[in-house]
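Here's the structure, in structure tokens; my notes come after.
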Amino acid sequence: MTPRPSTRNKAESPVEIVVFDTVGEAERYAATEIRSFITARREPVLGLATGRTMLKVYDWLRQWHEAGELSFAACRSFNLDEYRGLSADDPSSFASYMRRSLFDHVDMSEANYHLPDPDAPESSLAAYDLAIEKSGGLGLQLLGIGRNGHIGFNEPGADRHSLTHVVALDPSTRAANAGDFPPGVDVPTHAATMGIATILGAERILLLATGAAKSEALARAMSGPVEADCPASYLQLHDHVTVVCDREAAALLQERS
Ligand code: GLP
């Protein structure tokens, strides 16, 4: 049975915030939203995210596929970002993360999933936006949030009008992601990421944030001003955003009802 979350109203911002008691319920709800999107569309185009937050979401999608309840055959996907300087088969790359967590386990052909080419010259990264556009545009963009308010790898200071581009990673982001690399291996200093305009171009955005470590970033993003210093706050400019979180991540959000 799906637990009943508390939903804050949309009085002052178009962002819908759905709060669950537990992380597990929030993860399952996010997965259910993705599943509904896939089954409702003839040619679903997904924007996908990596990070620890998404692991359980992809587990659910795999399980439903394995149970014969969900097919990815008609899906195309575009990941948010990739580290610069890592080959696609480096275990710490987001390409490997996606294959391990989802792509290798579902009926999605390799031709249909995409990650930005992290080593492409800056000038040719706009090709990623063109590929998204040619596919019909992002129907549903899944997002996590960094502790410093980043989305994708759009770090504080991000330009609202940016398309896919190269970014220098914030030292705090590199520290937060160090656990994804073997001991003694440095986190890359740069990455390629969809830009803010790329993300805001999605028809619908689903942001999943769980745990107390995300509460401050989430509050700044949703209850604070729209500002480059907190890139996730740009989501307030989109008219179809759903934030799914657990009570701990929601703890600092202001009641808006
Ligand atoms: C990563 C990704 C983001 C992700 C964020 C949070 O490095 N570039 O897309 O949302 O950082 O990651 P986590 O879920 O591990 O906290």
Side-chain angles (χ1 to χ4, degrees), residues 23-24 26-27 30-31 34 46-60 77-86 90-98 100-102 113-118 125 128 138 140-158 162 164-181 185-196 198-200 202 205-222 230-235 241-246 248-250:
V23 174
E27 292 163 337
I34 297 168
L46 288 164
L48 295 177
T50 53
R52 284 169 287 273
T53 309
M54 302 304 159
L55 288 170
K56 201 70 187 99
V57 173
Y58 294 135
D59 268 3
W60 280 115
S77 74
F78 293 87
N79 263 78
L80 280 166
D81 45 18
E82 180 60 286
Y83 289 110
R84 213 155 160 84
L86 293 193
D90 187 302
S92 301
S93 70
F94 289 155
S96 294
Y97 168 110
M98 287 308 303
R100 268 195 314 271
S101 330
L102 187 70
Y113 62 80
H114 311 269
L115 287 95
D117 175 359
L125 277 172
Y128 199 60
L138 299 166
L140 179 67
Q141 175 66 57
L142 179 63
L143 285 183
I145 185 170
R147 280 175 249 185
N148 64 356
H150 74 226
I151 46 175
F153 268 138
N154 292 278
E155 299 282 28
S162 52
T164 305
H165 63 294
V166 174
V167 282
L169 298 176
D170 201 86
S172 68
T173 299
R174 295 181 67 221
N177 289 4
D180 300 334
F181 289 79
V185 175
D186 285 340
V187 178
T189 54
H190 289 76
T193 182
M194 280 186 197
I196 297 293
T198 317
I199 294 169
L200 294 182
I205 294 172
L206 184 66
L207 184 146
L208 176 64
T210 53
K214 299 295 172 71
S215 60
E216 213 176 303
L218 195 59
R220 281 187 72 198
M222 296 301 142
C230 178
S233 68
Y234 286 125
L235 298 176
V241 177
T242 305
V243 171
V244 180
C245 55
D246 69 319
E248 290 198 337

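Just follow the structure's listing: the first ligand is 1, and inside any ligand the first atom is 1. Computation of the quantities below employed the complete heavy-atom set of this structure, encompassing side-chain atoms and omitting hydrogens, waters and symmetry-equivalent molecules.
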Residues two or more places apart in sequence or in another chain: which of them pass ring-ring contact (aromatic ring centres under 6.0 Å, His included) with Phe181?
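Result, ring-ring contact (aromatic ring centres under 6.0 Å, His included) vs Phe181: Tyr83.
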
The criterion is ring-ring contact (aromatic ring centres under 6.0 Å, His included); which residues satisfy it with Tyr58, sequence neighbours excluded?
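Tyr58: no ring-ring contact (aromatic ring centres under 6.0 Å, His included) contacts found.
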
Would you mind listing which atoms of ligand 1 come within a distance below 4.0 Å of any non-hydrogen atom of [X]?
{"X": "Phe153", "result": "7 (O), 8 (N)"}
{"X": "Asn177", "result": "1 (C), 7 (O)"}
{"X": "Gly144", "result": "10 (O)"}
{"X": "Gly51", "result": "12 (O), 13 (P), 14 (O), 15 (O)"}

Who gets closest to atom 16 (O) of ligand 1 by heavy atom: His150, Lys214, Met54, Arg52?
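Looking at heavy atoms only, the winner is Lys214.
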
Going by the closest heavy atom to atom 6 (C) of ligand 1, which one wins out of Ile145, Thr53, Leu207, Asn148?
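Among Ile145, Thr53, Leu207, Asn148, the closest heavy atom to atom 6 (C) of ligand 1 comes from Ile145.
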
For Leu143, the option from Leu80, Thr53, Leu208, Leu48 that meets side chain to side chain contact (heavy atoms under 4.5 Å, CB included)
Leu80

In terms of side-chain geometry, is the basic nitrogen of Asp180 or Arg52 positioned less than 4.0 Å from the acidic oxygen of its partner?
yes

the protein heavy atom lying closest to atom 8 (N) of ligand 1 turns out to be Asp81 OD2, 2.7 Å

For atom 4 (C) of ligand 1, closest protein heavy-atom neighbour
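For atom 4 (C) of ligand 1, the nearest protein heavy atom is Thr50 O, 4.0 Å.
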
May I ask whether Gly152 has any heavy atom positioned less than 4.0 angstrom from an atom of ligand 1?
yes

Leu125 side, atom CG; Met194 side, atom CE - distance, nearest 0.5 Å:
12.0 Å

Hey, are the side chains of Asn154 and Asp81 touching, using non-hydrogen atoms and a 4.5 Å cut-off?
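When only atoms from C-beta onward are counted, Asp81 and Asn154 do not touch, as no gap falls below 4.5 Å.
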
With a 4.5 Å cut-off on side-chain heavy atoms, are Lys214 and Arg147 touching?
yes

